[in-house]
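All residue numbers in this chain count up from 1 along the given sequence. No experiment lies behind these values; they were computed from the predicted model shown. Only this structure's heavy atoms are used, side chains among them; waters, hydrogens and symmetry mates stay out.
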Amino acid sequence: MGGQLDPGSGGRFSVRVSTDADLPAVRRLVAADRLPGEPPLPDHLPEVPTAGKVFTLTGTDGQAHGVACLSVRRSDDAGLVHWLHAGEDLDAVAALLAFARAELGRRTLHAFTAPATATRVPGLPMRHRPATARALTAAGFTLATAQEYLLRDLNDPKPAAPDDLIAHVTPLEDFRGWRLVVPGPGTTGVVASAVLSCPHPTSGMAVLWHLAVHPEHRHHGIGHRLLAQSLNLAAASSARYLAAFTDPDEESAMRLLAAQDFDHVDTLAVHHRRP
């Protein structure tokens, strides 16, 4: 499906199924939205699901001004806007969203469900893509879920060696990474734990997927020491970056990560729209 978009775009744009000839222009659009610290793009498009279709938005100049990947999810018949890039041109984003609504039909829609980062966490980076965020709101989309994305450059500064290793480290069998466990008094119980992934072979990015301290043992520096050990384990494994995610209302987690030189990259938000 494709065709002229009107009204709203003023006849500036039309949409068609993407072809191999669009790839260079599409890659430039996607690369322009790459977040700080993220690895360079591969030589292909972002992930396209089996049932997904990629559409290119072209202008009257014949050039690609935007691209989006759409599909319908079989399990619940929801329409998915997996990813969308249009150079933060508000009109182009609005035109692509109008096309997506028409193409997917009258059903619940979810937007930005595909991985937004090298860590494969989904969502629109709200701060880095404000025009897209405004266009979503104008098109009737609302926030569904959000995660704060933080990143630590392990070379600037290098993590300080911890005074002591507080946690036992064991490799995970079903996941390329490690579990760190701070045992409780005696032989039973866990005071704190963390899960750390091995660094990606290309990007050098490791991910701190979990870090928690038992409520009865908080405010004694255990979380800080466990995080310090996690940073050193990532660095010793040749990671260049350590990524972490937390819920927006987890202020204590944000403070803990900031104290260890994590930078807040963005808020990754998945949106939805009811029929």
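Leu227 and Ile166 fall within the same hydrophobic cluster, where Ile, Leu, Val, Met, Phe, Trp and Tyr residues are linked whenever their side-chain heavy atoms come under 4.5 Å apart, directly or through other members. Trp178 and Val181 are assigned to two separate hydrophobic clusters, defined by single-linkage of ILVMFWY side chains at heavy-atom distances under 4.5 Å. Phe112 is not connected to Leu143 by any chain of hydrophobic side-chain contacts under 4.5 Å among Ile, Leu, Val, Met, Phe, Trp and Tyr, and they are in different clusters. Cluster membership for Leu150 and Val121, using ILVMFWY side-chain heavy atoms within less than 4.5 angstrom, is not shared. Grouping the Ile, Leu, Val, Met, Phe, Trp and Tyr side chains by contacts below 4.5 angstrom, directly or via other members, places Leu208 apart from Leu151.
Between the side chains of His272 and Thr108, no donor-acceptor pair is found at a separation under 3.5 Å. Judged purely by distance below 3.5 Å, without hydrogens or angles, the side chains of Thr246 and Glu148 never pair a donor atom with an acceptor atom. Residues Ser193 and His210 have side chains that bring a donor and an acceptor to within less than 3.5 angstrom of each other.
Residues Leu226 and Ala192 come closest through the heavy atom pair CD2-CB, 3.9 Å. Among all heavy-atom pairs drawn from Ala111 and Phe141, the shortest one is CB-CE2, 3.8 Å. Scanning all heavy atoms of the two residues, the minimum distance from Phe175 to Val195 falls at CE2-CG1, 4.1 Å. Residue Phe262 comes nearest to Ala243 through the heavy atom pair CE2-C, 4.5 Å, listed as atom of the first residue, atom of the second, then distance. In terms of heavy-atom proximity, Gly52 sits nearest to Ser71 at CA-CB, 3.7 Å. Annotation for Val81 and Ala100: closest pair CG2-CB, 4.0 Å, computed over non-hydrogen atoms.
The CG atom of Leu57 sits 7.0 Å away from atom OG of Ser14, with the distance rounded to the nearest 0.5 Å. The distance from atom CZ of Arg273 to atom OG1 of Thr142, rounded to the nearest 0.5 Å, is 10.0 Å. How far CZ of Phe55 is from OG of Ser18: 8.0 Å, rounded to the nearest 0.5 Å. If you take CG on Leu256 and CD on Gln260, they are separated by 7.0 Å, rounding to the nearest 0.5 Å. Distance check: Arg106 CZ to Arg274 CZ gives 13.0 Å after rounding to the nearest 0.5 Å. We find the CZ-CD distance between Arg218 and Glu216 to be 10.5 Å, quoted to the nearest 0.5 Å.
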Q: Would you please test Met205 and Thr119 for side chain to side chain contact (heavy atoms under 4.5 Å, CB included) and show each step?
A: CA-CA 8 Å; Met205 186 180 293; Thr119 63; 3.4 Å; yes
Q | Step-by-step side chain to side chain contact (heavy atoms under 4.5 Å, CB included) determination, His214 to Val190 | A | CA-CA 8 Å; His214 191 282; Val190 173; over 6 Å; no
Q) Which is it for Leu180 and Leu196 under the side chain to side chain contact (heavy atoms under 4.5 Å, CB included) test, yes or no, and what are the steps along the way? A) CA-CA 8 Å; Leu180 295 85; Leu196 180 69; 4.3 Å; yes
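Applying the side-chain hydrogen bond (donor to acceptor under 3.5 Å, both in side chains) rule to His65 yields the partners Asp61; only residues at least two apart in sequence or on another chain are considered. Every residue meeting the salt bridge (Lys or Arg N to Asp or Glu O under 4.0 Å) condition with Arg129, not counting sequence neighbours, appears here in chain and number order: Asp33, Glu88. Residues passing the salt bridge (Lys or Arg N to Asp or Glu O under 4.0 Å) test with Arg73 are Asp76, sequence neighbours excluded. Residues satisfying the ring-ring contact (aromatic ring centres under 6.0 Å, His included) criterion with Tyr149, sequence neighbours excluded, are Phe245. Partners of Asp249 according to the salt bridge (Lys or Arg N to Asp or Glu O under 4.0 Å) rule, which considers only residues two or more places apart in sequence or in another chain, do not exist here.
A 6.0 Å sphere centred on NE2 of His264 holds more than 12 heavy atoms belonging to other residues, nucleotides or ligands. Heavy-atom contacts from other residues, nucleotides or ligands closer than 6.0 Å to CZ of Arg120 number 12 or fewer. Around atom NE2 of His224, no more than 12 heavy atoms belonging to other residues, nucleotides or ligands sit under 6.0 Å away.
With contacts defined as side-chain heavy-atom distances shorter than 4.5 Å, the pair Arg107/Val72 qualifies. The shortest side-chain heavy-atom distance between Thr56 and Val15 does not fall under the 4.5 Å cut-off. Residues Asp261 and Pro157 have side chains in contact (heavy-atom distance under 4.5 Å, counting atoms from C-beta outward). You'll find the side chain of Gln229 reaches within 4.5 Å of the side chain of Val169, heavy atoms only. For the pair Leu124/Leu268, no side-chain contact is recorded, criterion being any heavy-atom separation below 4.5 Å from C-beta on. Considering only heavy atoms from C-beta on, Arg225 comes within 4.5 Å of Asp164 through its side chain. For the pair Thr60/Phe13, no side-chain contact is recorded, criterion being any heavy-atom separation below 4.5 Å from C-beta on. Counting only heavy atoms from C-beta outward, the side chains of Asp91 and Arg12 approach each other to under 4.5 Å.
Side-chain N or O atoms of Asp247 include none that pairs as donor or acceptor with a backbone N or O of Glu250 at under 3.5 Å. The closest donor-acceptor contact from the side chain of Asp153 to the backbone of Asn155 lies under 3.5 Å.
Tested against Asp266 for a side-chain hydrogen bond (donor to acceptor under 3.5 Å, both in side chains), the candidates Arg127, Gln147, His128 yield a single pass: His128.
Ionic pairing of Arg152 and Asp263 is not present here: no N-O contact between side-chain nitrogen and carboxylate oxygen is shorter than 4.0 angstrom. Looking at Asp22 and Arg27, no side-chain N of the basic residue comes within less than 4.0 Å of a carboxylate O on the acidic one, giving no salt bridge.
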Review item, side-chain donor-acceptor pairs of residues 233-241, under 3.5 Å, at least two apart:
unit_1	atom_1	unit_2	atom_2	d
Ser237	OG	Leu233	O	2.8
Arg240	NH1	Ser203	O	3.4

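Classification of the His85-Trp83 ring pair by plane angle, with boundaries at 30° and 60°, yields tilted.
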